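In what follows, a structure is listed as structure tokens, so that the remarks can point back to it.
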2 protein chains.
Amino acid sequence: MITLKDLAATLGVSVSTVSKALKDSPEISKDTITRVKEIAKELNYRPNTLALSLKNRKTKTIGVIIPDILNTFFARILYGIEQESTALGYNIITCLSNETFEKENNSLHLLANGSVDGFIMSVSEETQSKGEVKHLKETINQDVPIVMFDRVANDVDCDKVIIDDFNAAFKATETLIKEGRKKIVLVNSLGELSVGKLRVLGYKKALEKHDSYTADPIVIEVDDDQELLNDQLEKIITEHKDMDGLLCIDNISGVMSVNIAQRLGRTIPNDLSVIGFSSNKISHLSYPPLSTVAQYAEEIGQESVKMLVERLENKTKGNTKTVTINYSIELRGTTLPVS
Amino acid sequence: MITLKDLAATLGVSVSTVSKALKDSPEISKDTITRVKEIAKELNYRPNTLALSLKNRKTKTIGVIIPDILNTFFARILYGIEQESTALGYNIITCLSNETFEKENNSLHLLANGSVDGFIMSVSEETQSKGEVKHLKETINQDVPIVMFDRVANDVDCDKVIIDDFNAAFKATETLIKEGRKKIVLVNSLGELSVGKLRVLGYKKALEKHDSYTADPIVIEVDDDQELLNDQLEKIITEHKDMDGLLCIDNISGVMSVNIAQRLGRTIPNDLSVIGFSSNKISHLSYPPLSTVAQYAEEIGQESVKMLVERLENKTKGNTKTVTINYSIELRGTTLPVS
DNA sequence: CTGAAAGCGCTAACAA
DNA sequence: TTGTTAGCGCTTTCAG
């Protein structure tokens, strides 16, 4: 690694002269500036970020904690985070909590000591179900800001970026009701997650609101595991012969259901209308392609970065905000065409 | 942020005493050690990693450059990288090149100045098609080692972790031939990527090798885009009425093909046998579930970390290795059952 | 047993 | 216009 000292030595000037010359300081003569820059280029000098960070007490680095990178939704958010960070001149250190409290806690401690200027994170499933928040509050108290996205801890006061899961499910359910569906089932593989609960509530609320809909809500808990899920969905579709609407609130059960239902002889969307929460990519793995609640995952990532950087660079204290990112209902082929 | 200085001040001792006490130095009295540790815990002291890195001239951080995080294969590799890094006490800084040379190059420059001890990366599509290697060689010459995985630059001398794509495709094709298939088509959406080319070669080689197989190889280039792909696959399946074997060398065209073929009235696997290169997760999105060439993506990530850390900690110079990670053919429902 | 001092690479106030 | 110095947080000789 080539340092200022090296440049100074080869030129026979002092380190500070070199430092200033490289930043076009008016203190330094044109001549030296060009000489310094030349040799810097020649020796391929790169300032040591570490030293800079230590000096400036900021790292231009964001710690990102993702619960599950194999989940497309989170992968897309990471994509958005990376894009926006790069655009704003920040690097990201990515940690995966794998849905455990322990890893989440470790990452926070490991990085909240000057390694990063702030965090962007979604809390792990374990953290959420246990209701742990101490580690989060501690970090914030140490003046390392956190922006939470998607899965947020309600009793932690920090910036948040969420989706209006309640309304998304509400609207999706309404779409089915307006098609005249009489038995709409909700399939839930999200377990204890807050987003899952919100979606279930939205579904129930929609059913309640519409007098034309008379059946009781049917919420079926299924597994997260693909193979189990396949069987469970098949069972649901077989047993509920009169089911004519299906709301799948995770990424994959929608397409799976469509494929299974067709195999079992149901005609989609005529017999059965299906709406999922799948990503665009997944939704084309069935035919007809799955109608979905589209979540602007990339935007969630981008917005999170914006909020964090805003706080970091303007030293905003307090006044935390919660931003709700839009969703949209994308009707493709598994719902009736709208005229 | 609380520093050694702070601890020293509150205890009325010197910084160096505190530093030594925290590492249980025999120079320091038992008494002071306990007092120091107590206060350190109380004030929640965390050593500043930046300062340590600057001092030690190593960061215990690995730069990871991923071409496309939305690609499940890469997401799984990242998962493996993160797991193993954590296990070995390293952090990762993740950069996404989005398949561009520019971002890849930037990331390399940005971090190869002391921010990371080494890199783990897969070269971007653009880098590969342009045959750019200068930035890679430069980094290595600056004594920042690189481990490349999956998509590697052949003319760069560094550690590599690859899959035997040629043989994987060869074996998959053989599986179809041994089922007695007479017209096996290969669908390629991988464009110019080296892995794609290798898979095509493996396919061709297998066809050649078996005298029982008499048809010419049929390689059909398709798009990467989901919607286009859907139409293109439909067209292929419609036009090649006598196709009885299909090898899909990317992550999704396999499941798509199965779903489309069934909709078009083909019986799978009797009429048509399909093998894909999909991840386990995706392969269950068709019914029957897709038979695949399973790639141990997590293992690729883990192995890459092991190789890099080995080089970093043992200061291995030269003697670069290439490790080939296993694949396995996982026969599920889209190929004939083996007796 | 404890502390002072130098140094990792860099910047910036101050001197020359 | 250039150089000296101190300091970011830490470790590590070397003195006390």
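Please read all numbers here as calculations on a predicted model, not as lab measurements.
The distance from atom CZ of A:R46 to atom P of C:dC10 is 13 Å, rounded to the nearest whole Å. Protein atom CG of B:N113 is 14 Å distant from nucleotide atom C1' of C:dC8, rounded to whole Å. Between B:I33 atom CD1 and C:dT2 atom C1' there is a gap of 12 Å when expressed in whole angstrom units. Rounding to whole angstrom units, CD1 of residue A:I2 and C1' of C:dC10 are separated by 14 Å.
Using a 4.0 Å heavy-atom cutoff across all strands shown, B:T32 reaches sugar-phosphate atoms only and no base atom.
Judged by distance alone, with hydrogens and angles left aside, the side-chain atoms of A:E99 form no donor-acceptor pair with the main-chain N or O of A:S124 at under 3.5 Å. Here the side chain of B:D150 pairs no donor or acceptor atom with the backbone of B:V152 at under 3.5 angstrom. Using a distance-only test at 3.5 Å, with no hydrogens or angles considered, a donor-acceptor pair links the side chain of A:Q128 to the main chain of A:S194. The backbone N or O of B:V15 sits nowhere less than 3.5 Å from a side-chain atom of B:S19 that would complete a donor-acceptor pair. No side-chain donor-acceptor contact under 3.5 Å links B:R76 to the backbone of B:E298.
Distance CD1/B:I62 to NZ/B:K60: 9.5 Å, rounded to 0.5 Å.
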Kindly indicate, with the supporting measurements, whether the criterion side chain to side chain contact (heavy atoms under 4.5 Å, CB included) is fulfilled by A:Y45 and A:D6.
CA-CA 9 Å; A:Y45 167 76; A:D6 300 329; over 6 Å; no
Pairwise N/O distances under 3.5 Å, protein to nucleotides 11-15 of chain C:
{"unit_1": "C:dT11", "atom_1": "OP1", "unit_2": "A:K23", "atom_2": "NZ", "d": "2.7"}
{"unit_1": "C:dT11", "atom_1": "OP2", "unit_2": "A:S19", "atom_2": "OG", "d": "2.8"}
{"unit_1": "C:dT11", "atom_1": "O2", "unit_2": "A:K55", "atom_2": "NZ", "d": "3.4"}
{"unit_1": "C:dA13", "atom_1": "N6", "unit_2": "A:K20", "atom_2": "NZ", "d": "3.2"}

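Taking only side-chain nitrogens and oxygens, B:S14 comes nearer than 4.0 Å to OP1 or OP2 of C:dG3.
In this structure, the side chain to side chain contact (heavy atoms under 4.5 Å, CB included) partners of B:T59, at least two apart in sequence or on a different chain, are A:L50, B:S53, B:T61, B:D117.
Residue order along DNA chain C, read from the 5' end via each residue's closest nucleotide, puts B:K30 first among A:L54 and B:K30.
The footprint of chain A on DNA chain D, defined by a heavy-atom cutoff below 4.0 Å, extends from D:dT1 to D:dG9.
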